[in-house]
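Read the structure below first, then the notes.
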Amino acid sequence: MSAADEAATELEELAKSLAECRRCPRLVEWREHVARNARHAYRGEEYWAKPVPGFGDPDARIVIVGLAPAAHGANRTGRMFTGDRSGDFLFSAMYAVGLASAPMGRARDDGLRLLDAWLTAAVRCAPPQNKPTPDERDRCSEWLLSELELLVRRRVYVCLGKFAHDALCRALGVSPRPRFAHGAEHPLPDGRVLMCSFHPSQQNTFTGKLTQPMLRAVLRKAKVNAARYRGG
């Protein structure tokens, strides 16, 4: 078995364990409430309504970290950034720079593949008003760290938004915490690179705070930084 195959198997086992997590009562209640009260467009669909694992290439050099699953997006489909407009925006950019096999994701079984990239989040359950508490963030950090440990070829972290940036820095023990700004790049002690982008939320994309050229530029630079990595 190759290292990538072994990592894939271990990531699948981690995903199974994650799906059973009920550590945060408020998040459990909310994710299940949303599933019972589906939007009209999704009536009749069976919501995932469990913690959402990361997905992508087990041999990835680029790890993209978001905030948390969307209530009627990943909480419905069971795959990060899948089934909502934020995901449409992100996958379009990833496809344009060669990090995804298609420009859109609709369901876990739609055949979308990530190329040299892994997509995950700081918090794995959909939070009310898209705002996890500090305690919920910290309880979820174990899952993020376990995932990262299995992604042995990771070279670059791309954080989508300040929440993901701060959560990742906290989980990795990065101190002092570097400044978050769109397009910022920070070398880490182990030779890896932490990069920042505004989150592809509708609030950011509809107002033009984040555009496709802006996000694509960050992702292209992530590929360059991954190729330059000289760490252990």
Side-chain angles (χ1 to χ4, degrees), residues 15-16 18-56 64-95 99-114 117-137 139-140 143-144 147 158-164 167 197-212 215:
K16 291 176 184 177
L18 171 66
E20 301 298 322
C21 184
R22 301 180 69 85
R23 294 177 186 174
C24 302
R26 187 181 80 112
L27 299 188
V28 172
E29 180 181 1
W30 177 249
R31 76 194 191 203
E32 295 177 355
H33 167 80
V34 169
R36 291 192 301 270
N37 296 272
R39 286 180 176 171
H40 180 75
Y42 307 130
R43 294 280 169 82
E45 288 192 30
E46 182 178 355
Y47 274 55
W48 173 257
K50 293 181 284 191
V52 181
F55 90 102
I64 302 172
V65 185
L67 193 163
H72 298 280
N75 185 56
R76 172 174 59 88
T77 64
R79 193 176 72 186
M80 283 294 175
F81 280 97
T82 300
D84 60 34
R85 290 186 177 179
S86 293
D88 293 345
F89 193 93
L90 175 60
F91 290 135
S92 178
M94 293 180 71
Y95 176 73
L99 293 176
S101 65
M104 190 172 293
R106 282 287 173 255
R108 293 195 307 280
D109 59 356
D110 62 7
L112 174 68
R113 293 178 297 110
L114 302 189
W118 185 266
L119 186 55
T120 188
V123 174
R124 305 311 178 93
C125 294
Q129 299 179 325
N130 210 32
K131 293 181 179 180
T133 67
D135 284 346
E136 290 162 351
R137 172 203 63 200
R139 280 194 289 271
C140 227
W143 297 113
L144 178 60
E147 217 169 42
V158 178
C159 295
L160 302 177
K162 190 175 187 301
F163 185 96
S197 170
F198 292 138
H199 190 282
S201 65
Q202 291 185 56
Q203 180 179 357
N204 288 338
T205 60
F206 283 8
T207 60
K209 183 176 182 179
L210 179 66
T211 64
Q212 277 288 320
L215 181 54

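As the structure is a computational prediction, the values presented were derived from the model and not from experiment. Computed over heavy atoms, backbone and side chain alike; hydrogens, waters and symmetry mates excluded.
Interatomic distance, Leu119 CG to Leu160 CG, rounded to the nearest 0.5 Å: 7.5 Å. His72 contributes atom NE2, which lies 4.5 Å from atom CZ of Arg39 (distance to the nearest 0.5 angstrom). Separating the CG atom in Asp88 from the CZ atom in Phe81 is a distance of 11.5 Å, to the nearest 0.5 Å.
Considering only heavy atoms from C-beta on, Arg23 stays 4.5 Å or farther from Cys140 through its side chain. Two residues are said to be in side-chain contact when any heavy atoms from C-beta on lie closer than 4.5 Å; Thr133 and Arg26 meet this criterion. Side-chain contact check for Pro128 versus Leu27: some heavy-atom pair is nearer than 4.5 Å. Annotation: side chain of Arg124 is not in contact with side chain of Glu136 (no heavy-atom distance under 4.5 Å). Two residues are said to be in side-chain contact when any heavy atoms from C-beta on lie closer than 4.5 Å; Val123 and Phe163 meet this criterion.
When the options Met94, Arg106, Arg79 are evaluated for a side-chain contact (heavy atoms from CB on, under 4.5 Å) with Leu112, the one that passes is Arg79.
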* Asked: Would Leu210 and Phe89 count as a side-chain contact (heavy atoms from CB on, under 4.5 Å) if you check the C-alpha gap in whole Å, the side-chain angles of each, and the deciding distance to 0.1 Å?
  -> CA-CA 10 Å; Leu210 179 66; Phe89 193 93; 4.0 Å; yes
* Asked: Can Phe91 and Leu114 be said to form a side-chain contact (heavy atoms from CB on, under 4.5 Å), step by step?
  -> CA-CA 9 Å; Phe91 290 135; Leu114 302 189; 4.2 Å; yes
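Checked against side chain to side chain donor-acceptor pair (under 3.5 Å), Thr77 has no partners two or more places apart in sequence or in another chain.
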